[in-house]
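Okay, structure first, notes after.
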Amino acid sequence: MPELICRTFFPVHDYDLDATLTSGQAFRWELIDRGWESVIGVRWVRLIPGPAGIAAETVGPTKDWDWLAHYLQVQVELPRVLDTFPADEPMHAAVAACRGLRLLRQDPWECLASFILSSTKQIVQIRQMVSLLCERYGDRVATARGRPPAFSFPSPERLAACSENELRACKMGFRAPYLRVSAQKIAGGEVNLNSLSALSVAEARDELLKLPGVGCKIADCVLLFAYGFQEAFPMDVWVMKALRQLYFRRRPIKAKRLHQFAATHFGPDAGYAQQYLFHYMRIRRRLAEFTRSERGHLGRSSQE
DNA sequence: TACCAGGAGAGCG
DNA sequence: CGCTCTCATGGT
């Protein structure tokens, strides 16, 4: 029985889908034959970026695409956001290098669980842990013919029912009890993720901080990537390095002062600015590594 | 091989 | 507070 493929098109400008999906905010997108594939909620999705916008397809009868428009935040007028950034040299450079980078609006539980796993892990490894978790404890969802199997992100209830060893087997190490207990607190109603959008940022942050394995940085990631609190400014080692390098040129600055600077300097969409700085640093590193390796090859071959 | 990764929590003075 | 140590595991 042939599956029903439904398609739509979002005519968005200033939307760099590649940058957005590889900028370390979501961990389940894979590039297959020039399209990005993942699962949002219980739906498999394939996105194809083009010059006039983003083409999308999914499986099963679909007349309403609001869930995807919401996830992609296609209604956001990017220039309006960029205008709120401070008019300084570092931000100009970051914006120029990451033109079209966007923030997604993700499911709170998937976002929270993923970032609980993120601590002192590289993005490739976070992807690996999340992928194992979904394969083993998520539900199979329908995909287009010829596509690899896809799974939903396991619910809090499902992960709460896992043993610590089962979770450790997904290569998450010391993060296993954090994820397990957090899942239990959410499944048991001790923390209600659905109620946070009605709260102030500070109140919502305090709720997230009740969960084990969630400190300021991870709370801010969830506030920003899942709830759309755009003033939340997650400060990880990369953003810290960006601020020191771009704004304080190797003058010794304590982390506390850096937080104060970030809280006052970047305006109402500070979290958006943060994502530009984060991605800017990462693509600069990739370029530097590429250049170094190319020079290495040239150096060797010219020796002969 | 040594060092680092989208950190958090506990123990200490 | 603010500092240091530990916690698994894999990539570079």
Side-chain angles (χ1 to χ4, degrees), chain A residues 19-29 94 98 101 103-104 106 110-133 163-183 185 191 205-226 229 232-245 252-260 262 266 270-297:
Chain A
T20 299
L21 300 182
T22 59
S23 65
Q25 43 180 325
F27 303 102
R28 297 221 282 151
W29 288 95
C98 311
L101 176 62
L103 288 184
L104 303 167
Q106 302 178 56
E110 175 172 344
C111 184
L112 171 63
S114 300
F115 276 99
I116 285 175
L117 299 182
S118 75
S119 71
T120 53
K121 279 293 187 188
Q122 299 184 141
I123 288 175
V124 282
Q125 289 183 283
I126 302 168
R127 293 170 56 82
Q128 167 75 352
M129 292 184 285
V130 169
S131 172
L132 276 173
L133 211 51
S163 71
E164 182 177 323
N165 281 337
E166 287 176 317
L167 295 181
R168 279 182 185 268
C170 297
K171 311 189 181 213
M172 62 183 75
F174 63 85
R175 303 157 196 82
Y178 292 158
L179 181 60
R180 194 167 103 94
V181 176
S182 288
K185 290 194 174 204
V191 171
R205 182 180 290 113
D206 286 342
E207 281 302 296
L208 292 171
L209 291 177
K210 290 179 180 173
L211 299 166
V214 180
C216 292
K217 189 269 171 181
I218 289 175
D220 282 341
C221 283
V222 178
L223 292 172
L224 184 63
F225 301 143
F229 287 107
F233 192 96
M235 182 104 71
D236 74 322
V237 290
W238 282 100
V239 175
M240 192 101 70
K241 191 192 299 181
L243 296 184
R244 287 192 209 278
Q245 232 176 72
I253 297 280
K254 291 186 175 181
K256 183 70 180 171
R257 288 273 294 127
L258 233 37
H259 275 93
Q260 291 177 349
F266 292 99
Y272 230 105
Q274 172 275 156
Q275 195 64 13
Y276 273 79
L277 292 172
F278 178 79
H279 193 63
Y280 179 47
M281 293 299 282
R282 291 190 69 229
I283 61 183
R284 282 212 313 182
R285 184 197 59 170
R286 284 208 295 262
L287 274 176
E289 285 172 356
F290 179 75
T291 307
R292 202 177 313 135
S293 94
E294 286 303 291
R295 266 213 303 271
H297 290 308

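Computed from a predicted structure; not experimentally measured. Order of the sequence lines sets the chain letters (A, B, ...), proteins ahead of strands, with each chain counted from 1.
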Exercise for the section: Using the P atom on both, measure C:dG2 against B:dG6 and round to a whole Å. Expected result: 27 Å

Exercise for the section: Check each of A:Phe278, A:Phe266, A:Tyr272 against A:Phe233 using the ring pair (Phe, Tyr, Trp, His ring centres under 6.0 Å) test, and report the only one that passes. Expected result: A:Phe266

Exercise for the section: For A:Met240 and B:dA8, give me the distance from atom CE to atom C1', rounded to whole Å. Expected result: 13 Å

Exercise for the section: Pick the P atom in C:dA8 and in B:dG11, then give their distance to the nearest Å. Expected result: 16 Å

Exercise for the section: Could you state the atom-to-atom distance from CE of A:Met129 to P of B:dG7 in whole Å? Expected result: 10 Å

Handout entry: Phosphate OP1/OP2 of C:dG10: any A:Lys171 side-chain N/O under 4.0 Å
Key = yes

Handout entry: Quiz item: A:Gln128 side-chain donor-acceptor pair to C:dG11 base, under 3.5 Å
Key = no

Exercise for the section: For A:Thr120, answer base if it contacts any base atom (sugar-phosphate contacts may also be present), sugar-phosphate if it contacts only those atoms, and nothing otherwise; contact means non-hydrogen atoms under 4.0 Å. Expected result: base

Exercise for the section: Can you check whether any acceptor in the base of B:dG6 is under 3.5 Å from a donor in the side chain of A:Gln275, or vice versa? Expected result: yes

Problem - B:dC4 to C:dT6 separation - C1' atoms, rounded to the nearest Å - result: 16 Å

Practice task
Using the closest heavy atom to pick a nucleotide of DNA chain B for each, name whichever of A:Lys241 or A:Val214 lands nearer the 5' end.
Solution key: A:Lys241

Completion exercise
Between A:Arg180 and A:Glu164 the two heavy atoms that sit nearest each other are CD-N, 3.7 Å

Handout entry: Separation of C:dC7 P from A:Phe174 CZ (nearest whole Å)
Key = 10 Å

Problem - Backbone of A:Trp29 reached by a side-chain donor or acceptor of A:Arg127 within 3.5 Å - result: yes

Exercise for the section: Could you tell me whether A:Phe27 contacts a base, only the sugar-phosphate backbone, or nothing, with contacts defined as non-hydrogen atoms closer than 4.0 Å? Expected result: nothing

Handout entry: Residue mapping more 5' on DNA chain B - nearest nucleotide basis, A:Pro212 or A:Gln125
Key = A:Gln125

Practice task
Classify the side-chain pair A:Arg284/A:Gln245 by whether it contains a donor and acceptor separated by less than 3.5 Å.
Solution key: yes

Exercise for the section: Quick one: label A:Gly213 by what it contacts on the DNA or RNA (base, sugar-phosphate, nothing), any heavy atom closer than 4.0 Å. Expected result: sugar-phosphate

Exercise for the section: Using a heavy-atom cut-off of under 4.0 Å over every strand shown, decide if A:Arg282 touches base, sugar-phosphate, or nothing. Expected result: nothing

Completion exercise
Closest to the 5' end of DNA chain C, once A:Gln122 and A:Gly173 are matched to their nearest nucleotides, is A:Gly173

Exercise for the section: Measure from the side-chain N and O atoms of A:Gln260 to the backbone N and O of A:Arg257, and report whether any donor-acceptor pair falls under 3.5 Å. Expected result: no

Practice task
State whether the side chain of A:Tyr276 and the backbone N or O of A:Leu101 hold a donor-acceptor pair below 3.5 Å, judged by distance alone.
Solution key: yes

Practice task
Using a 4.0 Å heavy-atom cut-off across all strands, classify A:Ser114 as base, sugar-phosphate, or nothing.
Solution key: nothing

Handout entry: A:Phe278 aromatic ring stacked with six-membered ring of B:dG6, 5.5 Å and 30°
Key = yes

Practice task
Check the distance between C:dG2's P and A:Lys254's NZ and give it to me in whole angstrom.
Solution key: 8 Å

Problem - Atom pair distance, as rounded to whole Å: NZ in A:Lys121 and C1' in B:dA8 - result: 15 Å

Exercise for the section: In whole angstrom, give the distance that lies between atom CD1 of A:Ile126 and atom C1' of C:dT9. Expected result: 13 Å

Completion exercise
A:Phe233 atom CZ is separated from B:dG6 atom P, nearest whole Å, by 17 Å

Problem - Rounded interatomic separation in angstrom, taking CG from A:Asn165 and C1' from C:dA8 - result: 13 Å

